[in-house]
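The sequence lines fix the lettering, A, B, ..., with proteins before strands; numbering per chain opens at 1.
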Number of protein chains: 2
Amino acid sequence: MNKMNKKMEYALMALKHISGKSDQDLTSAKEISEQMHIPFEVMAKVLQALASRGLLKAEYGASGGYVLARPLSEVSVHGLSEMLEGHVALTKCLGNDEPCEISGTCNITSPISNLNKKVQEFYKSVSLSEVLHV
Amino acid sequence: MNKMNKKMEYALMALKHISGKSDQDLTSAKEISEQMHIPFEVMAKVLQALASRGLLKAEYGASGGYVLARPLSEVSVHGLSEMLEGHVALTKCLGNDEPCEISGTCNITSPISNLNKKVQEFYKSVSLSEVLHV
DNA sequence: CAAAATACGATTAAATAAAACGTATATAAC
DNA sequence: GTTATATACGTTTTATTTAATCGTATTTTG
C-alpha cells in the first residue's frame with residue numbers, strides 16, 4: 001500500500017539537484033547519476049520523460065544537458081507521477097482499460113473510486129517546491 | 001506510485017460485507033471468498049490479521065466466523081493498512097531498519113520524510129466508515 | 001571526424017506480491 | 001466420541017511488477 005517507486009525518488013533527487021543551479025547551468029544525466037550513485041540509464045530515462053512532458057528542457061550534443069522549463073511551484077506531486085507513469089490510480093480497475101475479473105460481485109466499486117479521488121486531490125494539493133523546499 | 005494492494009482491497013470488501021449484517025450474524029472466510037470470488041486462503045489470512053489486531057472478533061468451530069469488534073468510524077485507512085502490513089511508509093529508508101545504500105549522497109532525505117508525514121496524516125484523516133459509506 | 005550528450009526500444013534480472021499448500025487447533029452437530 | 005467445519009499460521013511456490021541493463025540512433029560541440 002502506498003509506496004513510492006524508484007523513478008519518483010530519482011526524479012525528486014534530480015529536480016532538487018537541478019533547482020539548485022542557475023538557468024544557464026546545464027545538468028547532464030551523467031552528472032546526477034554519478035553524484036547520487038544512481039544507475040545512469042535509469043536516471044537518463046527519468047530525465048527524458050520529464051523533458052518530453054515539458055518539465056525540463058533538453059539540450060543536445062556535447063556539453064548538453066537539462067534545465068528547468070517550468071517553476072516547481074506549478075507542478076504537484078500528482079503531476080510529477082503522471083509524467084513518469086501516465087495514468088495513476090489506486091487500482092487497475094479504475095484505469096477502465098481492464099474491467100477487472102470480479103467486477104460483477106465487487107461490493108466496493110464506488111468506495112474505491114471515491115477514495116481514489118480523495119487521494120488524487122491530496123497529491124494535487126502538494127507542490128514540488130513545497131516538497132523540495134525550493 | 002501509490003497503488004493499493006490486494007490485501008487492502010480484500011479487507012475493504014470483507015468489512016463492507018460484514019458491516020451489512022447484524023452483530024449476531026457471523027461471517028466465515030468461506031462465505032466471503034465464495035461470494036466475492038477471492039481465493040479462500042488469502043481471504044482467511046486477511047481476516048485472521050484483522051482479528052489479531054482487534055478489529056474483528058473470531059469464533060471458532062463449525063458455525064464459527066467473524067464479527068466486527070470495533071466500529072468502523074474509529075479506524076482510519078492508515079490504521080487498516082498498518083493492521084495488514086505493519087509499518088507503512090513511502091520508502092524503505094523511512095522504516096529506519098535498513099539505512100539505504102545511497103544515504104550518504106541522498107539530497108531528499110528531509111523532503112521524503114516530510115512528505116511521508118503528510119501522506120500518513122491524510123490517510124489517518126479518512127475513516128473506514130467514510131470510505132465504505134457505513 | 002571524434003567525443004559526449006540526449007532519445008528510445010527491447011531485453012534481462014531482481015524484488016515484491018499473490019496464491020497455494022500443509023498442518024494444527026477449536027467447537028458445534030450428530 | 002466422531003465427524004464436519006471453522007479459525008490459525010508457517011512455509012513454499014508462482015505470478016506480477018519493478019528496476020536495471022543492453023543496444024543503437026541522433027544531435028552537437030570542438
ask   = CG of Leu115(A) to CE of Met8(B): how many Å apart, nearest 0.5 Å?
value = 7.5 Å
message = In whole Å, I'd like the distance from the CG atom of Asn2(B) to the C1' atom of dT18(D).
response = 16 Å
query = Going by heavy atoms in the side chains, are Leu84(B) and Leu50(B) under 4.5 Å from each other?
reply = yes
Minimum heavy-atom distance Tyr66(B)-Ala44(B), with the two atoms named = OH-O, 4.3 Å
key: Val88(A) backbone acceptor or donor facing Gln120(A) side chain under 3.5 Å   = yes
Sequence-distant partners of Thr105(A), side chain to side chain donor-acceptor pair (under 3.5 Å), two or more places apart = His37(B)
query = Are Leu128(B) and Val77(B) side-chain neighbours, meaning at least one heavy-atom pair lies under 4.5 Å?
reply = yes
task = Identify whether any heavy atom of Lys3(B) sits under 4.0 Å from a base atom; if not, whether one sits that close to sugar-phosphate; answer base, sugar-phosphate or nothing.
result = sugar-phosphate
task = Would you kindly give the CG-to-C1' distance between Asn5(A) and dA19(D), to the nearest whole Å?
result = 10 Å
request  = Decide if atom NZ of Lys7(A) counts as having more than 12 heavy atoms of other residues, nucleotides or ligands within a radius under 6.0 Å.
outcome  = no
note = Bend of the helix from dC1(C)-dG30(D) to dC30(C)-dG1(D) from end-axis comparison, five pairs per end, nearest 10°, comes to 10°
task = Taking atom types as modelled, find out whether Glu85(B) and Asn5(B) have a side-chain donor-acceptor pair closer than 3.5 angstrom.
result = yes
ask   = Roughly how many Å is it from CD in Glu9(B) to P in dA19(C), rounded to a whole number?
value = 10 Å
Sequence-aligned protein contact record of nucleotides 1-14 of chain C, with B where the base is within under 4.0 Å of a protein heavy atom and S where only the sugar-phosphate is = ---BSSBBBB----
request  = Return the value, rounded to whole Å, for the distance between atom CG of Leu26(A) and atom P of dT29(D).
outcome  = 11 Å
query = Lys57(B) has an atom NZ; how far is it from atom C1' of dA26(C), in whole Å?
reply = 13 Å
key: Interatomic distance where CD belongs to Glu31(B) and P belongs to dT7(D) [whole Å]   = 10 Å
ask   = Does a nitrogen or oxygen in the side chain of Tyr10(B) sit under 4.0 Å from OP1 or OP2 of dA19(C)?
value = yes
message = Is it the case that over 12 heavy atoms from other parts of the model lie below 6.0 angstrom from the NZ atom of Lys21(B)?
response = yes
task = Write down the distance between NE2 (His37(A)) and C1' (dA20(D)), rounded to a whole number of angstrom.
result = 17 Å
key: Atom-pair distance (CG on Leu84(A); P on dT17(D)), nearest Å   = 19 Å
